[in-house]
There are 2 protein chains.
Amino acid sequence: MGKKKRIEVSEYELSVLGCLWHRGEATIREIADDVYGHPADAVQYATAQKLLERLEAKKCVRRDRRSHKHLFKALVAREELIDNSLDSLASKLCAGSLNTLFLRLAGKVKLTGEERDEIRRMIDDAD
Amino acid sequence: MGKKKRIEVSEYELSVLGCLWHRGEATIREIADDVYGHPADAVQYATAQKLLERLEAKKCVRRDRRSHKHLFKALVAREELIDNSLDSLASKLCAGSLNTLFLRLAGKVKLTGEERDEIRRMIDDAD
DNA sequence: GTGATTCTAAGTCACTGTGACTTAGATGTC
DNA sequence: GACATCTAAGTCACAGTGACTTAGAATCAC
């Protein structure tokens with residue numbers, strides 16, 4: 001159940017994941033072109049290759065080797081990364097309390113009427 | 001007005017800041033003892049010294065050199081770091097939208113009755 | 001089939017941030 | 001004066017990151 005893995009992703013690794021979230025699955029070529037512009041040059045392609053190798057090692061990405069051009073798929077969702085970052089932020093700066101973080105954020109945020117209604121609904125449900 | 005500085009603080013730098021937030025102001029000795037245990041040895045003391053030097057360079061800390069034992073004071077508040085981290089998280093993973101982050105957090109958090117009331121109040125005020 | 005292209009595999013490299021550590025000399029204490 | 005404690009100003013090893021290189025396998029164009 002509880003996979004408590006700390007997910008640590010660098011800036012460019014995140015761009016790669018972003019591309020995978022967008023496309024579902026993709027080859028290195030497609031990813032490199034998306035991240036660096038069309039077409040990515042050989043060095044940029046190699047960088048994307050290295051980033052994917054590291055993401056695979058971290059189990060953030062799955063590599064399908066069946067066809068010659070390997071196909072990559074994200075193994076972590078953006079929401080997972082968000083939750084992870086929130087937990088880590090809470091533990092570093094709010095004594096582990098997501099509630100503190102939430103209340104802080106409540107004061108910063110400018111909600112639309114719709115969003116306010118949604119929050120009200122969520123809160124009322126919790127009662 | 002808007003100081004948009006990205007504040008980047010390492011794990012141990014944060015412990016040092018934590019000590020300063022707690023004490024108001026402190027010498028290196030006091031900080032080292034707080035962070036590493038009483039009494040901190042010479043190496044730990046030197047590490048604290050280096051951390052403070054770096055925090056000073058980043059303007060996260062102010063050093064008062066008037067007395068022989070320098071006195072340090074935090075220049076950034078914990079809330080500032082929280083806000084900063086939230087902004088940075090939103091921009092990395094939520095297309096810059098704090099609202100998205102807020103709604104996400106709303107689903108994760110288990111609020112007490114009091115906290116729910118507080119949120120309701122904040123939301124109603126915004127109407 | 002041959003040659004050119006594109007891919008994978010498996011590295012290296014330079015730069016940076018971080019925390020640990022060292023040493024010299026100034027200041028303070030007894 | 002002797003000794004402890006402080007500041008100043010470094011160095012050092014290690015890890016993460018993104019850029020880069022090269023060799024060889026698979027594929028494509030002709």
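Predicted model, so just to flag it, every value in this text is computed and none were measured. To find a chain, count down the sequence lines: A is the first, B the second, and so on, and within it residues start at 1.
- Here Thr27(B) does not reach the OP1 or OP2 of dC6(D): none of its side-chain N or O atoms lies under 4.0 Å away.
- For the pair Glu8(A) CD and dT18(C) P, the computed distance is 13 Å after rounding to whole Å.
- Distance CG/Asp64(A) to CD/Glu25(A): 7.0 Å, rounded to 0.5 Å.
- Rounded to a whole Å, the CZ atom of Arg29(A) is 9 Å from the C1' atom of dC7(C).
- Between dG18(D) and Thr47(A), no contact under 4.0 Å exists linking OP1 or OP2 to a side-chain N or O.
- Between the NE2 atom of His68(A) and the P atom of dC7(C) there is a distance of 8 Å, rounded to whole Å.
- One donor-acceptor pair, N or O on each side, does fall under 3.5 Å between the base of dA8(D) and the side chain of Gln49(B).
- Note: CG (Leu14(B)) to P (dT18(C)) measures 12 Å, nearest angstrom.
- For the pair Arg63(A) and dA9(C), the criterion of a side-chain N or O lying under 4.0 Å from OP1 or OP2 is met.
- At dT8(C), one or more side-chain N or O atoms of Tyr45(A) fall inside 4.0 Å of OP1 or OP2 (strictly under the cut-off).
- At dA8(D), one or more side-chain N or O atoms of His70(B) fall inside 4.0 Å of OP1 or OP2 (strictly under the cut-off).
- A distance-only check finds a donor-acceptor pair linking the side chain of Asp33(A) to the backbone of Ala40(A) [under 3.5 Å].
- The distance from atom NZ of Lys50(A) to atom P of dA14(C) is 16 Å, rounded to the nearest whole Å.
- Below the 3.5 angstrom threshold, one finds no donor paired with an acceptor across the side chain of Lys69(B) and the base of dG28(C).
- When the nearest nucleotides of DNA chain D are assigned to Tyr12(A) and Ser67(A) by heavy-atom distance, the more 5′-ward of the two goes with Tyr12(A).
- Out of dT7(D), dT17(D), dT11(D), the shortest distance to the side chain of Lys58(A) is found at dT17(D).
- Asp64(A) has its CG atom 16 Å from the P atom of dC7(C), to the nearest Å.
- Heavy atoms of other residues, nucleotides or ligands lying less than 6.0 angstrom from CZ of Arg62(B) number 12 at most.
- The side chain of Tyr36(B) contributes an N or O atom lying less than 4.0 Å from OP1 or OP2 of dA20(C).
- Among dT21(D), dC21(C), dG19(C), the nucleotide with an atom closest to any side-chain atom of Val43(B) is dC21(C).
- If you measure from atom CD1 of Ile31(B) to atom P of dT5(D), you get 18 Å, rounded to the nearest angstrom.
- For NZ of Lys58(B), the number of neighbouring non-hydrogen atoms (other residues, nucleotides, ligands) closer than 6.0 Å is greater than 12.
- Ser10(A) comes within 4.0 angstrom of the backbone, heavy atoms only, and of no base.
- Counting to the nearest Å, the C1' atom of dG19(C) and the CG atom of Leu52(B) are 13 Å from each other.
- Nearest to the side chain of Glu53(A), among dA10(C), dT21(D), dG18(D), sits dA10(C).
- Taking only side-chain nitrogens and oxygens, Arg65(A) comes nearer than 4.0 Å to OP1 or OP2 of dA9(C).
- For the atom pair CD (Glu118(B)) and CG (Leu111(B)), the distance works out to 9.5 Å, reported to the nearest 0.5 Å.
- Heavy atoms of other residues, nucleotides or ligands lying less than 6.0 angstrom from NE2 of His38(A) number more than 12.
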